[in-house]
Protein chains: 2
Amino acid sequence: MTYSEENYLKVIYHLSLNNSKGVNTNSIANVMESKPSSVTDMVQKLAEKDLVIYKKYQGVSLTEKGKFTALMIVRKHRMWEVFLVETLDFSWDEVHDVAEQLEHIKSEKLINKLEEFLGFPTEDPHGDPIPDRNGKIAKIDKKLLSEIGVGKKVICVGVKDSSPPFLQYLDKQQIALGSAIEVLAKEDFDQSLSLRVDDKDVSVSNKIASNLFVKPV
Amino acid sequence: MTYSEENYLKVIYHLSLNNSKGVNTNSIANVMESKPSSVTDMVQKLAEKDLVIYKKYQGVSLTEKGKFTALMIVRKHRMWEVFLVETLDFSWDEVHDVAEQLEHIKSEKLINKLEEFLGFPTEDPHGDPIPDRNGKIAKIDKKLLSEIGVGKKVICVGVKDSSPPFLQYLDKQQIALGSAIEVLAKEDFDQSLSLRVDDKDVSVSNKIASNLFVKPV
DNA sequence: ATAAATATTTAGCCTTGCCTAAAAATATCT
DNA sequence: AGATATTTTTAGGCAAGGCTAAATATTTAT
Ligand SMILES: [Mn+2]
Ligand SMILES: [Mn+2]
Ligand SMILES: [Mn+2]
Ligand SMILES: [Mn+2]
């Protein structure tokens with residue numbers, strides 16, 4: 001299995017999570033920063049290898065084999081992110097690009113030993129669940145902060161966008177996984193929120209609130 | 001820089017250590033398990049990038065830039081081997097293949113943080129020196145066990161062959177880095193050696209003795 | 001129900017890194 | 001030195017994974 005094939009499977013997996021139908025060529029090309037024609041080529045190759053199900057013009061979906069492969073890549077990606085943050089003191093905005101490389105290292109023993117060393121973590125530094133060695137992945141109960149009503153108290157449990165600029169913004173506002181958040185007020189005009197985060201008052205735009213996952217306290 | 005280019009540079013570096021002249025095409029092809037014609041292609045490409053010096057039919061040598069690049073790959077390879085053995089409890093015969101993959105991960109921060117986490121190791125699990133972040137590599141003073149005279153006492157400090165079968169043989173004989181070895185006798189007929197290793201008597205062939213590095217005690 | 005817009009596939013080409021077979025240079029032997 | 005053997009390069013091709021432009025399906029709008 002090539003890096004390229006692995007990356008396609010991973011992208012198809014992520015896009016499948018929202019999309020209940022087949023994933024379309026264009027959206028894969030967007031995420032991969034490539035062209036729809038290239039996607040068609042690769043998807044045909046993956047179909048021949050029984051990793052995806054594909055009918056012309058009908059989009060693509062993962063077979064069981066393809067899904068398992070994708071989950072193992074996600075497992076490695078998130079496990080390495082934990083390693084980088086917990087063991088090597090990277091910050092949560094620095095780990096993704098390195099994990100994009102490390103997720104392709106082929107050694108079952110390595111990932112299982114790493115898991116053991118890290119104490120069998122269940123979530124990565126961004127609050128995303130880590131599949132176990134059998135491909136089982138926990139579904140974490142979470143809502144977007146933008147959907148929470150005024151007066152409610154919640155805990156921050158994840159980020160939807162995990163790009164460095166967003167994560168750095170959160171660092172600056174001292175919002176982290178585990179922060180206690182109370183929604184003090186919501187502005188009608190622009191849906192911005194007044195929050196109490198731990199002991200500080202913070203105001204955030206709707207865009208920020210739409211990228212923060214929380215759970216009821 | 002592609003994986004392939006990195007692997008060529010590493011191989012040229014290793015072959016240069018013995019060979020004082022230019023490294024020849026054939027020997028590179030042997031190590032890479034490829035063909036001389038492929039080597040010529042790549043070597044021309046590396047020369048264009050100022051990583052090697054190459055004149056037709058004259059063999060190839062590394063430029064400063066090429067040498068530094070090669071040393072950084074060796075650094076990563078050996079550092080990861082230490083990590084696998086020290087942190088994840090791999091045995092010394094299991095680490096090479098995984099390190100072959102990990103040595104290509106591109107992140108200066110990663111390798112430097114890993115070095116710090118491991119306590120700035122100076123040698124890998126096979127006794128080979130680890131280049132520092134500036135490309136400085138210690139020259140370890142060592143001789144082959146086969147060159148040691150009868151009656152001498154030495155310490156095992158490295159292996160020349162680090163293939164799994166040889167390392168597993170050494171495990172079985174309880175010979176490890178740091179073992180105290182006394183040469184009790186040498187057989188004229190086949191150059192095999194009678195040794196005292198730590199507290200045990202062991203007999204080894206000349207082939208074994210020609211692959212063990214030792215230093216005077 | 002057409003027509004227009006959008007999405008997808010096909011056709012044909014490019015680069016990288018590899019190969020085999022043939023040609024050319026160098027080294028070795030008598 | 002001249003013949004032979006070895007090493008190295010060149011020529012020409014192949015597969016993977018991209019791309020652009022053109023053709024074809026599908027969806028949306030009138
Ligand atoms: Mn990530
Ligand atoms: Mn993550
Ligand atoms: Mn090694
Ligand atoms: Mn080693």
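The chains referred to below are lettered A, B, ... by the order of the sequence lines, with proteins before strands, and numbering in each begins at 1.
Proximity of residues 8-17 of chain A to DNA chain D (heavy atom under 4.0 angstrom from any strand atom) is restricted to A/Tyr8.
Ring centers of A/Phe83 and B/Phe83: under 6.0 Å apart, within the cut-off. Taking the ring centroids of A/Tyr3 and B/Tyr3, they lie under the 6.0 Å cut-off.
The CG-P distance, from B/Asp41 to D/dA11, rounds to 11 Å in whole Å. Put simply, CD on A/Glu5 is 13 Å from C1' on D/dA15, counting in whole angstrom units. Taking atom NZ of residue B/Lys49 and atom P of nucleotide C/dT15, one finds them 14 Å apart after rounding to whole Å. Taking atom NZ of A/Lys21 as the reference point, atom P of D/dT27 lies 9 Å away to the nearest angstrom. Rounded to an integer number of Å, the gap from B/Glu33 CD to C/dC19 P is 10 Å. The CG-C1' distance, from A/Leu46 to D/dA16, rounds to 13 Å in whole Å. One atom, CG of B/Asn7, and another, C1' of C/dT16, lie 15 Å apart when rounded to the nearest Å.
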N/O-N/O pairs, protein side and nucleotides 7-9 of chain C side, under 3.5 Å:
{"residue": "C/dT8", "atom": "OP2", "partner": "A/Asn26", "partner atom": "N", "Å": "3.0"}
{"residue": "C/dT9", "atom": "OP1", "partner": "A/Tyr54", "partner atom": "OH", "Å": "2.5"}
{"residue": "C/dT9", "atom": "OP1", "partner": "A/Tyr57", "partner atom": "N", "Å": "3.0"}
{"residue": "C/dT9", "atom": "OP2", "partner": "A/Thr25", "partner atom": "OG1", "Å": "3.0"}
{"residue": "C/dT9", "atom": "OP2", "partner": "A/Thr40", "partner atom": "OG1", "Å": "2.8"}

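Comment: A/Glu103 does not engage A/Arg78 in a salt bridge, judged by the lack of any side-chain N to carboxylate O separation of less than 4.0 angstrom. A salt bridge is defined here as a Lys NZ or Arg NE, NH1 or NH2 lying under 4.0 Å from an Asp or Glu carboxylate O, and B/Glu108 with B/Lys113 fails to meet this definition.
The shortest non-hydrogen separation linking A/Val39 to A/Ser34 is CG2-OG, 4.0 Å. Taking all atoms of both residues into account, the shortest heavy-atom contact from B/Cys156 to B/Val214 is CA-CG1, 4.1 Å.
The aromatic rings of B/His96 and B/His77 are tilted relative to each other, their planes meeting at an angle between 30° and 60°.
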Verify salt bridge (charged side-chain N to carboxylate O under 4.0 Å, His left out) between B/Lys106 and B/Glu6, making sure each step is shown before the conclusion. CA-CA 11 Å; B/Lys106 282 162 192 64; B/Glu6 292 191 345; 3.3 Å; yes
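Look at A/Ser4 and you won't find any side-chain N or O under 4.0 angstrom from OP1 or OP2 of D/dA16.
Using a 3.5 Å distance cut-off with no hydrogens or angles, the side chains of A/Asp124 and A/Trp80 do not pair a donor with an acceptor.
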